[in-house]
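Take a look at the structure below.
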Amino acid sequence: MDYLPVEVVGNILSHLGAARDVIVASATCRKWREACQKHLHTLSFNSHDWPLYRDLSTSRLEILITQTLFQTTHLQGLSILMDDVDEFSASTVVAWLMYTRESLQWLFYNVRTNPNINILDICGRQKLEMLVLAHNSVSGVEPNYQRFLCLKSLSLSYVSISALDLNLLLTACPKIEILALVNPEIAMSDAQVTVELNSTTLKSIYIEAISLDKFILEADSLENLHLKDCALELFELVGKGTLKYFKIDDVSIIHLDVGESVDNLETVDVSNFTINWSKFYQMISKSSTITSLRLWDVVFDEEDEIVDVETIALCFPQLNHLAVSYDLRDDLREGILHYGLQGLSLLENVNVLELGSTVINDVFTQWVTGLLQRCPNLTKLVIHGVISETKTPEECQMLANFTSSIVQLIRRYVHVDVQFEFE
């Protein structure tokens with residue numbers, strides 16, 4: 001270590017990340033202290049990394065962070081995440097940001113101050129490429145003044161912001177490619193809660209825990225769309241067919257409109273979602289490029305609806321990963337599943353098959369058997385199931401029958417890697 005250049009030592013200390021570890025390491029010798037002062041490019045203050053942060057008074061913590069920060073030069077990455085810590089002095093936090101802002105490329109910021117400070121005013125017009133902001137408020141966005149010319153990734157978690165300011169903030173980021181919105185508090189000026197976002201550069205958006213009347217997204221370059229734990233009356237995507245990855249997880253949407261944006265889809269992942277299968281299939285069937293289709297714990301609007309394997313085989317010839325899970329408690333499902341397996345077309349390119357059911361019974365066994373016969377080039381099979389802790393004699397017998405049937409079935413597919421995952 002004595003022969004390492006001081007720049008290399010600085011790089012090593014930067015990989016430690018946590019400020020406490022950096023301080024301890026820099027006390028090793030004069031060379032390491034110099035590396036910390038002149039060549040450290042990443043520093044993190046996280047209340048979860050060191051419990052003592054929470055035991056210190058706010059004023060003592062401010063002094064500790066100030067002394068550490070002001071010993072560095074040219075920081076490229078700064079993380080200040082202070083959960084469960086009292087409010088900091090706004091003037092002190094402003095001093096931290098003013099000292100580091102000219103060299104910062106990414107900032108993770110979760111600090112409560114009194115009064116609230118405007119991050120956009122302080123960090124705008126600098127080199128920032130990534131901003132992760134949590135538990136703060138944003139208001140009065142001025143795109144012509146608060147410009148983020150280099151920002152490519154923006155994450156807002158538990159942030160209070162109006163629908164207008166949110167769109168203006170995107171306008172202030174002409175190179176933005178990644179946007180994450182987690183449980184934002186959307187301030188509205190009228191009774192109807194509507195968010196309209198417009199970006200020509202946005203490639204990926206993640207939206208979690210949002211409840212709105214309307215969410216309209218116009219993004220001509222969008223490739224990745226992920227909605228999770230949302231309640232929306234209307235979600236509309238206006239794009240130019242660039243979307244490749246589409247995921248919906250535990251979302252309530254009355255009207256879903258993605259227009260012509262799905263023509264080049266590659267991955268569709270839907271879970272914990274109620275759909276009209278015919279309408280949803282009609283929407284995604286425009287894309288023959290789908291390679292991965294996942295329909296997990298999906299509830300159908302109509303009782304007699306089922307995923308038609310024949311239609312999937314014909315419309316998605318490039319499909320190589322198929323995952324489907326049903327609720328098979330209803331005996332009527334046996335006839336419906338039989339209908340879903342009708343036809344002769346094979347899923348020739350499917351090499352990974354995941355099948356799940358909320359109940360392990362003979363119907364599930366028949367379904368697994370039928371789908372295996374349609375996948376001649378399968379290399380991996382994953383079977384998901386739910387087994388209750390307290391089982392009746394009937395359930396025990398049903399599980400025994402399933403196990404026996406599956407073992408006999410698997411013996412005919414010795415080339416397939418079979419995995420069982422039970423809850």
Side-chain angles (χ1 to χ4, degrees), residues 76-78 80 90 93-94 96-111 113 115-190 192-208 210 212-225 235-240 242 261:
Q76 298 175 16
L78 175 61
I80 309 177
V93 177
V94 169
W96 300 341
L97 298 175
M98 293 291 288
Y99 181 76
T100 58
R101 66 175 185 172
E102 291 186 3
S103 59
L104 281 185
Q105 295 181 13
W106 58 263
L107 173 64
F108 285 55
Y109 181 86
N110 178 8
V111 182
T113 61
N116 183 61
I117 64 176
N118 193 327
I119 292 291
L120 306 186
D121 278 345
I122 299 172
C123 296
R125 307 174 307 283
Q126 303 297 329
K127 301 177 182 178
L128 209 59
E129 296 180 7
M130 175 187 292
L131 175 60
V132 178
L133 187 62
H135 294 101
N136 276 261
S137 61
V138 175
S139 62
V141 178
E142 296 288 346
N144 295 326
Y145 174 69
Q146 298 163 333
R147 300 283 285 176
F148 289 86
L149 297 177
C150 301
L151 197 71
K152 294 183 178 179
S153 178
L154 174 65
S155 175
L156 304 177
S157 299
Y158 302 90
V159 169
S160 175
I161 187 170
S162 71
L164 175 60
D165 281 335
L166 181 56
N167 195 41
L168 289 175
L169 183 54
L170 283 189
T171 304
C173 306
K175 293 184 179 180
I176 190 168
E177 296 182 358
I178 301 172
L179 174 65
L181 301 174
V182 178
N183 199 10
E185 181 183 336
I186 305 294
M188 302 302 301
S189 58
D190 52 32
Q192 190 177 55
V193 185
T194 301
V195 169
E196 297 185 31
L197 301 182
N198 188 315
S199 173
T200 58
T201 59
L202 196 63
K203 293 183 178 180
S204 176
I205 185 169
Y206 174 78
I207 304 172
E208 179 181 347
I210 286 184
L212 298 171
D213 294 324
K214 293 182 180 180
F215 195 114
I216 302 173
L217 174 63
E218 186 172 346
D220 292 340
S221 303
L222 195 69
E223 297 178 359
N224 188 318
L225 171 61
F235 181 87
E236 180 179 351
L237 173 62
V238 180
K240 293 186 176 180
T242 57
S261 301

Inset, instruction - Using the test salt bridge (charged side-chain N to carboxylate O under 4.0 Å, His left out), find all partners of Lys240 that sit at least two apart in sequence or belong to another chain. - result: Asp220

Legend entry - side-chain contact (heavy atoms from CB on, under 4.5 Å) between Phe235 and Ile210, worked out: CA-CA 11 Å; Phe235 181 87; Ile210 286 184; over 6 Å; no

Legend entry - Residues in side chain to side chain contact (heavy atoms under 4.5 Å, CB included) contact with Val138, at least two apart in sequence or another chain: Leu120, Leu133, Val141, Val159, Ile161

Legend entry - Euclidean distance, Leu179 CG relative to Ser155 OG, rounded to 0.5 Å: 8.0 Å

Inset, instruction - Calculate, to the nearest 0.5 Å, the distance between atoms CG and CH2 belonging to Leu128 and Trp106 respectively. - result: 10.5 Å

Inset, instruction - Please lay out, stage by stage, how Leu156 and Leu166 fare under the test side-chain contact (heavy atoms from CB on, under 4.5 Å). - result: CA-CA 10 Å; Leu156 304 177; Leu166 181 56; 3.9 Å; yes

Legend entry - Donor-acceptor under 3.5 Å (Ser221 side chain, Lys203 main chain): no

Legend entry - From CG (Asn183) to CD1 (Ile207), nearest 0.5 Å: 13.0 Å

Inset, instruction - State the CG-CD1 distance between Leu154 and Ile205, to the nearest 0.5 angstrom. - result: 10.0 Å

Legend entry - Pairing residues for Ser137 by the side chain to side chain donor-acceptor pair (under 3.5 Å) criterion, not counting sequence neighbours: Asn116

Inset, instruction - Apply side chain to side chain donor-acceptor pair (under 3.5 Å) to Gln126 and list each qualifying residue two or more places apart in sequence or on a separate chain. - result: none

Inset, instruction - Kindly compute the distance separating SG (Cys123) from CZ (Arg101), expressed to the nearest 0.5 Å. - result: 7.5 Å

Inset, instruction - Ignoring hydrogens and angles, tell me if any N or O in the side chain of Arg125 forms a donor-acceptor pair with the backbone of Tyr145 under 3.5 Å. - result: yes

Legend entry - Partner residues of Tyr99 under the ring pair (Phe, Tyr, Trp, His ring centres under 6.0 Å) criterion, sequence neighbours left out: Phe70

Legend entry - Validation row: Leu107, Leu97 side chains within 4.5 angstrom (heavy atoms): yes

Inset, instruction - For Phe148, check ring pair (Phe, Tyr, Trp, His ring centres under 6.0 Å) against everything at least two apart and list the hits. - result: none

Inset, instruction - Considering non-hydrogen atoms only, spot the tightest contact between Pro115 and Ala90 and give its length. - result: O-CB, 3.3 Å

Legend entry - Where Phe108 and Met130 come nearest, the two heavy atoms and their spacing: CE1-SD, 3.6 Å

Inset, instruction - May I ask you to decide if Ile119's main-chain N or O and Asp121's side chain share a donor-acceptor pair within less than 3.5 Å? - result: no

Legend entry - side chain to side chain donor-acceptor pair (under 3.5 Å) against Trp96, all qualifying residues, sequence neighbours excluded: Thr66

Inset, instruction - Please round to the nearest 0.5 Å and tell me the distance separating atom CD of Glu129 and atom NZ of Lys152. - result: 6.0 Å

Legend entry - Residue pairs involving residues 115-137 (criterion ring-ring contact (aromatic ring centres under 6.0 Å, His included); sequence neighbours excluded): His135-Tyr158

Inset, instruction - Could you pull out all residues at least two apart from Asn198 that satisfy side chain to side chain donor-acceptor pair (under 3.5 Å)? - result: Glu218

Inset, instruction - Provide the closest heavy-atom pair for Lys127 versus Glu102 in the form atom of the first, atom of the second, distance. - result: CD-O, 3.4 Å

Legend entry - Residues that Thr100 engages under side chain to side chain contact (heavy atoms under 4.5 Å, CB included), provided they are two or more places apart: Leu69, Leu75, Leu78, Leu104

Atom pairs and distances, side-chain donor-acceptor, residues 168-178, under 3.5 Å, sequence neighbours left out:
residue, atom, partner, partner atom, Å
Thr171, OG1, Asn167, O, 3.0

Inset, instruction - Report the residues that fulfil side chain to side chain contact (heavy atoms under 4.5 Å, CB included) with Tyr206, sequence neighbours left out, ordered by chain and then residue number. - result: Ala180, Val182, Glu208, His226, Lys228

